[in-house]
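Here is the structure we will look at.
Lettering follows sequence order; numbering is per chain, from 1. Everything numeric here is computed off the predicted structure, so don't read it as measured data.
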Amino acid sequence: MTAIVSVRDLVKTYDTGFRALKSVSLDIREGEILALLGPNGAGKTTLISTICGIVRPTSGQVTVGGHDIASDWRAARAMIGLVPQEIALEPFEKVFRSVSYARGLYGKPPDPAHVERVLRQLSLWDKKDSAIQPLSGGMKRRVLIAKALAHEPRVLFLDEPTAGVDVELRKDMWAVVEDLRAQGVTIILTTHYIEEAEAIADRVGIIAGGEILLVEDKASLMARMGRKELKVDLAQPIAAVPEALAGRGLTLGTGGLSLVYSYDATQERTGIVTLLTEMRAAGLPIADIATRQSSLEDIFVDLVRAGR
Amino acid sequence: MNLQAVRVIFAKEMARFFRTILESLASPVISTSLYFVVFGAAIGSRIETVGGVSYGAFIVPGLIMLTVVTQSVANASFAIHFPKFIGTMQELLAAPIGFTEIVTGFVGAAAGKSILIGLVILATAFLFVDLPIAHPLAMLALLALTSLSFSLFGFIIGIWAKDFQQLQLIPLLVLTPLIFLGGSFYSIEMLPGPWQTIALFNPVVYLMSVFRWSFFDTADVPVAVSLVAIFAFTALCLGAIWWIFRSGWRIRP
């Protein structure tokens, strides 16, 4: 796949002297969904804002669809849609007009049919003549998304789209994202909700302290770093791991009521069957069994900690 | 140039004007009428003529300028400060629009409103006084040019201001005194000796003088000097805005 957005050695130092981006390089593939994960203040918004033209880069190069954002900024920006993190909307403007206005700003001729499609998709059609001010927070966020989609962008940036959003809207939003992906739109979203990245991204980038720590296919990342744990609950507490099971790397849970076995899920022989057989042989009263896969969150926390 | 963007910005700004058409037009008309009553009738009855023109008619160009200048600055500064204040400036910064589109859209709309208001005041004036217009085309051109140059100036103030207090600062502390001291309601010949010279440092004097010339064919300072001053001011403002967009000053961190 070709890179639709290419970031090379991007540095941003604000006037205050704060260095928000320390030489970031990143290739975003056409048609993918890339999740940028990072703690608050990691540089996610600065990275997005720089690509979109809201923040001036200190040094480095960014191209969007082959257009340099400094020398060929009109062509570069015309391809991009941005859903900002903060809800900033004209309070007295009507929904339909506001979305049509956004389309016009990108140089596209009026197309009420397209605006209607976008509004319907975001369940905003019945609010089209409503002023923005009285709308709920969730509705306002839908308006922001509609505005970003009004000019049919090829690359869509969603900056923390689900911060403070209810479950229903979150689901609607992912439906929209899936739809856009089907149309070949490249989507970059920032989030600190790991489950979000886990649920919809193709690739995950982890950013902390103004640096990209890694960018990897979500599946291979999870497989590479994914550990599984088997937790065996016991009917009666035990004081220590039985002698017969020593050397299997078991840890005793609180109160001596469980044993935890950690293994690599990608291995052919996980050793679970042998372990359970041995436990029975040792006369341990097994009450329940549960397995748990380490999530992106664990991986993320480990990486960010290591990065510090 | 992104013409669609200019169209939507201009249309949106004008829509705000027409949405509040009553407030937009009523207040200049009412305040102009008040000026006529106070200056024209009450004080004017004690002043015979100024340079052969009745005092009531004499103050009309000053009244129009007073309102056009303050409205241009107020409209343009608010139009660009409001998006900065509520955060919708991001939308403009991320869009494929630059200096040309933003200036044409925002300043064009602000100047358009001022021209409309100026014409409404002129129409109101005809109800009160007998008003000759010696150079009607020049008068309209000067009205448009003044609206444009002070809308550009207001645009700069709107970007410069960090809050609504600062937004009021320049109009209140600089513009209003300059306008009142700029010969809106008198000829600078009526000032005592040294003040006539001091007044020549006030840029509004040139504006007022040439605008009054378009009505009565007499001017305090030569017409050519006034024109050079106005064009220089406009060019200066345009240059400043061009630099703002180039450097990102107070809009793009």
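For B:S114, the side-chain hydrogen bond (donor to acceptor under 3.5 Å, both in side chains) criterion is met by B:S72, not counting sequence neighbours. Residues that satisfy the side-chain hydrogen bond (donor to acceptor under 3.5 Å, both in side chains) test with B:R16, not counting sequence neighbours, are B:E13.
At least one side-chain heavy atom of B:L122 sits less than 4.5 Å from a side-chain heavy atom of B:M139. Two residues are said to be in side-chain contact when any heavy atoms from C-beta on lie closer than 4.5 Å; A:I80 and A:V64 meet this criterion. Looking at B:H81 and B:I157, their side chains never come closer than 4.5 Å, going by heavy atoms from C-beta outward. Annotation: side chain of B:F211 is not in contact with side chain of B:Y206 (no heavy-atom distance under 4.5 Å). A 4.5 Å side-chain heavy-atom check between B:V6 and B:M1 finds at least one atom pair inside the cut-off.
In summary, of the residues considered (B:V107, B:L145, B:L207), a side-chain contact (heavy atoms from CB on, under 4.5 Å) with B:F150 occurs for B:L207 alone.
Annotation: B:Y35 is in aromatic contact with B:F185 [ring centroid separation under 6.0 Å]. Checked against a 6.0 Å centroid threshold, the rings of B:F233 and B:F153 count as neighbours.
Of the listed residues A:G81, A:A78, A:P109, the one with more heavy-atom pairs under 4.5 angstrom with chain B than any other is A:P109.
If you measure heavy-atom distances from B:R252 to chain A, the contacts under 4.5 Å come from both the backbone and the side chain. Residue A:A148 does not touch chain B at all, counting heavy-atom pairs closer than 4.5 Å. Proximity to chain A (any heavy atom under 4.5 Å) is shown, for B:L3, by neither the backbone nor the side chain. With a 4.5 angstrom heavy-atom cutoff, A:E86 does not touch chain B via any of its atoms. Within the 4.5 angstrom heavy-atom criterion, only backbone atoms of A:K108 (N, CA, C, O) approach chain B. Within the 4.5 angstrom heavy-atom criterion, only side-chain atoms of A:Y14, from C-beta onward, approach chain B. For A:R97, the part sitting under 4.5 Å from any heavy atom of chain B is the side chain, from C-beta outward, and nothing else.
At a heavy-atom separation below 4.5 angstrom, chain B is approached by A:C52, A:G53, A:I54, A:V55, A:R56 within residues 48-57 of chain A. Contacts between residues 117-133 of chain A and chain B, defined by a heavy-atom separation under 4.5 Å, are made by no residue at all.
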